[in-house]
Amino acid sequence: DGVYIPRMRIYFEGRLTEPYRYEISLQRSVEGIFDLLDANLDIRVREEFQIRLGRTLIPYSYTWYDHLEQYFIVPERPLFPLNFGLSRAAGVQVWGVDEARTWQYSFGVFDGRAAGIADNSTTVDAVGYLNFRPFACRSGGFCRFLNFGGSLVVGEAKVPSPILPGRTSIQSSENDEAAVAASAVFLEFDEEVLGSGDRLIGAVHVANYAGPMSFEAEWNALDNEVLDERNGEQIRVPASGFHVTLASFLTGETVEGREEVIPLRPFDPRRGCSNLGAFEAFARFSLLQFGNELFDQDLADRDDWTDRVAMTDIGINWYLNRWAKFYLDWQHANYATPVLINENTDRRSVYNDLLWARCQVYF
């Protein structure tokens, strides 16, 4: 139980002179101070060809790159992107989108860690992202806002670094121990097992937005090297996962993508029951599974942790107006083997439930 502020951000965006645009954003860190979240310069030769320099969101995974946190359907990302999404890092990328938004691309090279707001590693990643909307030019139809595509990461961690715990629901930059109370830990590697060596991460996605409905699905796979300092051996640990999300507005609003929602009847208690805002019901299933190497090579304690997690989210979003939003979510996580839920009582369980309500203000 507890009350948390997972994100508190201030954004500054603007144009210097044509074709130069900038973005600077700050986020309250877990230590209570403001850290640099984004700091980049865009050189817009044309919409189809742009160059971005600096710290920015890495274009891996539709879940990470297509829409930001303020437009989420479910309060936090699904299992695989949550634990292996690349978050933000410094780098250079070439990106663009055509006028009709039938295609979008981004290719870049970044220097960053697996997840988290702090860049304290020497990981180097080459990243590519493609998204297509083949029916975007049509005036109507169920598939007008159909998206599909994929992304790929080829990288190398040159200096061994600790591996973050596997968690069910928490934003990637919140790695402090206090935040564990708001998110179950299902996996911790041995302290002498470090992230080091090559990694290959891939994803394919499909999403469609039609009338009041939103549908999103993505499959992810990882082939990652770790260093076992106990014997000096490099071991490859594969992982894979997928998620499917379905949502629908119950109050008549329609969507073309995950973006700002303007309720047809914004909440106004002075007008009684006629202006209640917009309501959106949602459900999501996500799964994350590691290869047999995790336990066969004694990289983690099989008595405390698991190599497979299946998680279901069911809830409703209440949009009071275009700026204020409430999430109500019940999340049920199933583990393939019992997980150490409470170290103090030595309690283990094959499931974990989380019920949360979140208030969001974004303007």
Side-chain angles (χ1 to χ4, degrees), residues 47-48 59-81 85 95-106 128-152 202-221 241-266 276-287 310-319 321-322 325-329 360 362:
E47 287 297 312
E48 295 84 355
Y60 165 72
S61 172
Y62 184 83
T63 306
W64 270 95
Y65 193 61
D66 180 75
H67 41 273
L68 299 179
E69 289 87 346
Q70 54 266 34
Y71 305 128
F72 280 178
I73 298 174
V74 185
E76 293 294 344
R77 294 179 175 91
L79 283 166
F80 191 102
W95 68 285
V97 59
D98 72 322
E99 184 177 358
R101 301 190 67 82
T102 56
W103 52 262
Q104 179 184 10
Y105 74 91
S106 181
Y129 174 90
L130 292 170
N131 184 61
F132 298 97
R133 296 173 59 185
F135 308 110
C137 295
R138 294 189 178 183
S139 58
F142 180 78
C143 294
R144 182 183 178 190
F145 301 108
L146 173 68
N147 297 255
F148 70 90
S151 49
L152 183 67
V204 292
H205 66 262
V206 60
N208 194 29
Y209 308 96
M213 304 285 293
S214 295
F215 169 81
E216 297 176 355
E218 190 168 37
W219 175 83
N220 307 80
F242 71 90
H243 62 89
V244 178
T245 305
L246 184 63
S248 180
F249 279 92
L250 309 177
T251 45
E253 288 77 12
T254 60
V255 291
E256 299 178 1
R258 295 313 300 186
E259 52 193 17
E260 182 182 54
V261 173
I262 302 177
L264 297 176
R265 293 172 292 277
L276 296 179
F279 291 88
E280 180 186 32
F282 65 81
R284 182 182 70 192
F285 178 81
S286 61
L287 182 140
M311 193 166 70
T312 303
D313 288 86
I314 298 175
I316 192 165
N317 296 325
W318 178 26
Y319 301 81
N321 50 46
R322 65 192 303 174
K325 174 182 178 182
F326 278 95
Y327 298 88
L328 181 64
D329 179 32
Q360 170 184 295
Y362 175 75

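Note that the coordinates shown come from a computational prediction; the quantities given were computed from them, not determined experimentally.
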Can you find a pair of side-chain heavy atoms, one from [X] and one from [Y], that are under 4.5 Å apart?
X	Y	value
Gln360	Gln70	yes
Phe145	Val255	no
Tyr65	Ser106	yes
Ser214	Phe282	no
Leu250	Ile316	yes
Glu259	Tyr209	no
Leu146	Val206	yes

So which atom in [X] and which in [Y] form the shortest heavy-atom distance, rounded to 0.1 Å?
X	Y	value
Val74	Thr245	CG2-CG2, 4.4 Å
Pro266	Asn321	CB-CB, 4.4 Å
Tyr60	Ser151	CD1-OG, 3.4 Å
Trp64	Pro81	NE1-O, 2.9 Å

Hey, is the main chain of [Y] close enough, under 3.5 Å, to the side chain of [X] for a donor-acceptor pair?
X	Y	value
Asn208	Cys143	no
Glu218	Ser61	no
Tyr129	Tyr62	no

Please report the interatomic distance [atom1]([X]) to [atom2]([Y]), rounded to the nearest 0.5 Å.
X	Y	atom1	atom2	value
Glu260	Arg322	CD	CZ	4.0 Å
Phe135	Phe142	CZ	CZ	11.5 Å
Asp98	Phe132	CG	CZ	10.5 Å
Tyr105	Asn131	OH	CG	14.0 Å
Glu69	Tyr362	CD	OH	10.0 Å
Asn220	Leu287	CG	CG	11.0 Å

(request) Would you please test Phe215 and Val244 for side-chain contact (heavy atoms from CB on, under 4.5 Å) and show each step? (result) CA-CA 8 Å; Phe215 169 81; Val244 178; 3.7 Å; yes
(request) Report the C-alpha distance between Met311 and Arg284 in whole Å, list the side-chain angles of each, state the deciding distance to 0.1 Å, and finish with yes or no for side-chain contact (heavy atoms from CB on, under 4.5 Å). (result) CA-CA 8 Å; Met311 193 166 70; Arg284 182 182 70 192; 4.2 Å; yes
(request) Using only heavy-atom distances, determine whether the side chains of Glu253 and Thr251 contain a donor-acceptor pair under 3.5 Å. (result) yes
(message) Within the supplied structure, the quantity of interest is the number of heavy atoms (other residues, nucleotides, ligands) at a distance under 6.0 Å from Tyr71 OH; does it exceed 12?
(response) yes
(message) Parallel, tilted or perpendicular: which one describes the rings of Phe249 and Tyr319, with boundaries at 30° and 60°?
(response) tilted
(message) Would you call the rings of Phe279 and Trp318 parallel, tilted or perpendicular, taking 30° and 60° as the class edges?
(response) parallel
(request) Run the salt-bridge test on Arg144 and Glu256 with the 4.0 Å N-O cut-off and return the result as yes or no. (result) no
(request) I would like to know whether Arg258 and Phe72 meet side-chain contact (heavy atoms from CB on, under 4.5 Å); could you show each step before the answer? (result) CA-CA 7 Å; Arg258 295 313 300 186; Phe72 280 178; over 6 Å; no
(request) Run through His243, His205, Arg77, Glu216 and flag the one making a side chain to side chain donor-acceptor pair (under 3.5 Å) with Thr63. (result) His243
